[in-house]
Amino acid sequence: MRRLLIAGNWKMNLDRGHSLALVQGLVESLRSISNVDIAVCPPAVYLGELGKALHGSNIGLGAQNAYSKPDGAYTGEISCAMVKDVGCRYVILGHSERRAIFGETDQMVNEKLHAVLAAGITPIVCVGETLQEREAGKTQQVVRSQSIGSLKGLSHDQMLKTVLAYEPVWAIGTGKTATPAQAEEVHEDIRTLLESQFSKETAQKVILLYGGSVKADNALELLSEPNIDGALVGGASLKQDSFEGIVRAASSVNK
Ligand code: PGA
């Protein structure tokens, strides 16, 4: 049995006041949910303050990025020890926006992944194809190659501590969700890949999130698919009612 995880990726949105209000609202409204793991990933500058607001709640804190080096002359970067220090339990790595806008490669994601795991934080590693790649019939090839490159050198134990998120780039922020069948097909293939790289037992335990225009009204059908173990939510995580709706949908899934 894999426990579902719903993680909100706020990206570069919300100011300090709205961030705090959203977190306080979610702490109250999601207090009774005990069968789903929940996380919010706010902008880095608010992590410390929001970590305090989340303390003792059932909502984990996550960072949207962290650097692979432990310390030193890396202007603008934040180490894994720093994000851990302010209470982060999760770090998102290799989001398609980081790959496309900031030039992150599989090798960079892999270096960060090892650093995040060494710090005892749960990484959420993102992979996904562009529309052009999907239309060219390359979805499986792209997702497999990103997964292999990003996960290089992991032990079975480290793989079990890693969450993967399949996020088709064409579905992110566009309102175009992959159909449950399209998402499930890729999730199933990722699990097959993990089985060949690790073992059947390990592959069966890894949490695979779907991301890309997940909303309160499409969450249930996506999360009901056998290999979809939760969601990485962008736009719909910025409002209390929509994020709450997705968490409640996850909580009601029976599989
Ligand atoms: P979206 O973003 O839900 O706004 O499509 C998802 C993501 O980028 O993680």
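Atoms within a ligand are numbered from 1 in the order they appear, just like the ligands themselves.
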- Task: Go through Leu113 and Leu154 one step at a time and tell me if the side-chain contact (heavy atoms from CB on, under 4.5 Å) criterion holds.
- Result: CA-CA 9 Å; Leu113 173 60; Leu154 290 194; 3.9 Å; yes
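Between the side chains of Glu221 and Ser224, no donor N or O sits under 3.5 Å from an acceptor N or O. Side-chain contact, Thr177 with Asn218: a donor N or O sits under 3.5 Å from an acceptor N or O.
Listed by chain and number, residues touching ligand 1 at under 4.0 Å (heavy atoms only) are Asn9, Lys11, His95, Glu167, Ala171, Ile172, Gly173, Gly212, Ser213, Leu232, Val233, Gly234, Gly235.
In summary, Asp229 and Arg3 do not engage in a salt bridge, as defined by a charged side-chain N under 4.0 Å from a carboxylate O. Salt bridge status for Glu104 with Lys112: present, with a side-chain N to carboxylate O gap under 4.0 Å.
Within the structure, ring pair (Phe, Tyr, Trp, His ring centres under 6.0 Å) contacts touching residues 80-123 (residues at least two apart or in different chains) do not occur.
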